Amino acid sequence: MSFSVMSQNSIPNTFGIAATADCYKVVGHEDELRAMLADPALIEKPCLILGGGSNMVFTRHFPGTIIHLENKGVRLVEVQGDDLFVEAAAGEVWDDFVRYCISQGWHGLENLVAIPGTVGAAPVQNVGAYGMEAKDVIHSVRAYELGTGVEHVFSNDECRFGYRDSIFKHELKGKYVVGSVLFRLHRTFAPNIRYKALSDALSSAGITNPTPLQLADTIAEVRWSKLPRPEETGSAGSFFKNPIVSAEHYERLKADYPDIVAYPVADGYKLAAGWLIERAGWKGRTLGRCGVYEKQALVLVNRGKCTGADVIALADAITDDIQTRFGVTLEKEAIII
Ligand code: EPU
C-alpha cells in the first residue's frame, strides 16, 4: 500500500498540493544516495529530503534539489536473547515495514501501524500514536552528511528525541540524510493497550488478550475511524502539535472549561489541540480550498485543488483564534516548505 498522492508534476505529498522544485531526484539505493551526497555542489542550494511527503505542506517553488528516497530492504541483523535488531532502509513504506515485522513475529511496532510515511521519516519526526513513539524502539540511525557523503551512526540518545521532535529537525536540519534505521524489537509480545480509545475498542470487540495482528488491526480501525485516508482525502495528518501549558494555566482553563481534555506531563499539562479547535467551532469548517476535518479537528484537509497559501490562511486563522480564546499558542506539526 502506498500513501503518496502524486501532485501534478509528481513530487509526492499526501496533501495533494501541486509542488515544484529546481531539481527532483528519486534515489533507489543507499550507495547511490551516498554518492549523490558526496558532491559538494549539492549544498550550494537548499536540499530537501522527501520520504512519503506525508507531513509536508508545499507553499512555494522549492529553490533547490528535492531527493526522494526509495531505497528498500529489511533484515534481521542480530539476535540477543529476547532482543531482535532489525535494520530497515529509509525508503521503506512505514506501514509495510510494521506489517512485515508482525508477520515475522518481531514485536514492538504494533501500535505504530497505519502511520503514513516512510521509515526514514520516523526518527526525524519521532512519529507516535496510541501510547508509544518511534524512539521507544529505535536503537540507532545511520545517516549521511550532505556535501561529503560521510556516514555517521547516531545512537538513540544522540538523536535527542522529543515529542514529534529530534536533532534532525534542529542542529542537523539540512545537514544529514537518514539512510537506514536499526530497531530493537522483541521475540516476546507484550501488548501496550493503555491508550483509552484503544482499550475501549478492544473491550467492545470482546478482546482481552489480543494477538499482535488483532492489536494492529484494532489500532488501524480506530485510526481510520478518525483520520482521513490519504488515498481519498489530502492531508498532512495532525497539522498541529498538542500544546503543553503550565499547571496554573491548565487549572484556569479547567475552571472555565471543565470538560477540557488534558494529560499531565513532566512540565505541566498536554492539551488535546483537537478539543480546543473543536470547542472554538472550527471542526468541519472550510476556508478557501482547505478545511478542518469533520472527525478530527487536528487535521486540515484538501477540499480540492488546495494550495499551500490556502492551508496557511486557515492554519493562521485557527492559531489566532485559539490564542485569543484560550491563551494557548498552537505549534504546527506539519513541516511548511
Ligand atoms: N478531541 C476532540 N475533538 C477533536 C479531536 C480530539 O475533542 O476533534 C479530543 C478527544 O477527547 C480525544 C482527545 O482529544 O479523546 C485525543 O484525541 P485522539 O485520540 O484523536 O488523539 P490526538 O491527541 O488528537 C494524537 C496524535 C495523532 C495520533 C493520536 C493517537 C499529535 C499531534 N497527534 O492525536 O497523530 O494518531 O494521538 O495516538 O500528537 C499524526 O501525528 O499525524 C497523528 C495522527
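On a predicted model such as this, the values are computed, not experimentally measured, just so you know. Both counts, for ligands and for their atoms, begin at 1 and track the order of listing. Residue indices begin at 1 and follow the sequence shown.
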Fill in: Closest candidate by heavy atom, reference atom 41 (O) of ligand 1, pool R164, K196, M132, K295
R164
Discussion item. Once rounded to the nearest 0.5 Å, what's the spacing between atom CG of L271 and atom CG of L276?
Written reply: 5.5 Å
Worksheet, complete the sentence: R223 heavy atoms within 4.0 Å reach ligand 1 at atoms 36 (O), 44 (C)
Fill in: Min N/O separation E333 to ligand 1 under 3.5 Å
yes
Discussion item. What protein heavy atom lies closest to atom 3 (N) of ligand 1? Include the residue and the distance to one decimal.
Written reply: E278 OE1, 2.6 Å
Worksheet item: Looking only at atom types and distance, does a side-chain atom of Q296 sit under 3.5 Å from a main-chain N or O of L298, one as donor and one as acceptor?
Response: yes
Worksheet item: What part of Q296, side chain, backbone, both or neither, has a heavy atom within less than 4.0 angstrom of ligand 1?
Response: both
Fill in: Flag for N156-H139: side-chain donor and acceptor within less than 3.5 Å
no
Item to complete: Using protein heavy atoms only, decide if any is under 4.0 Å from atom 30 (C) of ligand 1.
Response: yes
Discussion item. Please list, in number order, the atoms of ligand 1 under 4.0 Å from a heavy atom of L227.
Written reply: 44 (C)
Worksheet item: Just which atoms of ligand 1 are under 4.0 Å from any heavy atom in S238?
Response: 26 (C), 27 (C), 31 (C), 32 (C), 33 (N), 35 (O), 40 (C), 41 (O), 42 (O), 43 (C), 44 (C)
Practice prompt. Starting at OG1 of T118, measure out to NE2 of H68 and round the result to the nearest 0.5 Å.
Written response: 7.5 Å
Discussion item. On a heavy-atom basis, I'd like to know which of A334, G128, G284, A272 is closest to atom 9 (C) of ligand 1.
Written reply: A272
Item to complete: Under 4.0 Å, heavy atoms only, figure out whether ligand 1 is touched by the backbone of R279, its side chain, both or neither.
Response: neither
Fill in: Top protein contact for atom 10 (C) of ligand 1, by heavy-atom distance
V261 CG2, 4.4 Å
Fill in: Atom pair CZ (R99) and CG (L213), whose distance is rounded to the nearest 0.5 Å
6.0 Å
Discussion item. Looking only at the side chains, is there a donor atom on one of D310 and T307 sitting less than 3.5 Å from an acceptor on the other?
Written reply: yes
Worksheet item: What are the atoms of ligand 1, with element, lying closer than 4.0 Å to any heavy atom of K226?
Response: 18 (P), 19 (O), 20 (O)
Worksheet item: Short question: side chain of N242, backbone of A272 - any donor-acceptor pair under 3.5 Å?
Response: no
Donor-acceptor pairs under 3.5 Å, side chain of residues 30-41 to any protein atom, not counting sequence neighbours: which ones?
unit_1: E30; atom_1: OE2; unit_2: Y144; atom_2: OH; d: 2.5
unit_1: E32; atom_1: OE1; unit_2: G28; atom_2: N; d: 3.4
unit_1: D39; atom_1: OD1; unit_2: A41; atom_2: N; d: 2.9

Discussion item. Would A297 count as being in polar contact with ligand 1, using the rule that some N or O on each side must be under 3.5 angstrom apart?
Written reply: yes
Practice prompt. Would you check if the side chain of N111 reaches a backbone N or O of Y130 as a donor-acceptor pair within less than 3.5 Å?
Written response: yes
Fill in: atom 35 (O) of ligand 1 protein-contacted, heavy-atom criterion under 4.0 angstrom
yes
Practice prompt. Among all protein heavy atoms, pick the one closest to atom 21 (O) of ligand 1 and tell me residue, atom and distance.
Written response: Y195 OH, 3.2 Å
Discussion item. If I apply the N/O under 3.5 Å rule, does Y263 come out as touching ligand 1?
Written reply: no
Worksheet item: Is the closest side-chain donor-acceptor distance between N126 and S166 under 3.5 Å?
Response: no
Worksheet item: Just wondering, are more than 12 heavy atoms of other shown residues or ligands nearer than 6.0 Å to CZ in R160?
Response: no
Worksheet item: Under 4.0 Å from ligand 1, counting heavy atoms only, is it the side chain of V299, its backbone, both or neither?
Response: neither
Worksheet entry | atom 23 (O) of ligand 1: nearest protein contact (heavy atom, Å) | N242 ND2, 2.8 Å
Discussion item. Please list the nearest protein heavy atom to atom 38 (O) of ligand 1 with its residue and the distance rounded to 0.1 Å.
Written reply: Y130 N, 2.7 Å
Worksheet item: Quick one: which of Y293, Y163, F240, W275 has a heavy atom closest to atom 7 (O) of ligand 1?
Response: W275
Item to complete: Apply salt bridge (Lys or Arg N to Asp or Glu O under 4.0 Å) to D267 and list each qualifying residue two or more places apart in sequence or on a separate chain.
Response: none
Item to complete: Report the C-alpha distance between F240 and T319 in whole Å, list the side-chain angles of each, state the deciding distance to 0.1 Å, and finish with yes or no for side-chain contact (heavy atoms from CB on, under 4.5 Å).
Response: CA-CA 9 Å; F240 299 102; T319 307; 3.6 Å; yes
Response to the item:
In ligand 1, the atoms that come under 4.0 Å of a heavy atom of G237 are 42 (O)
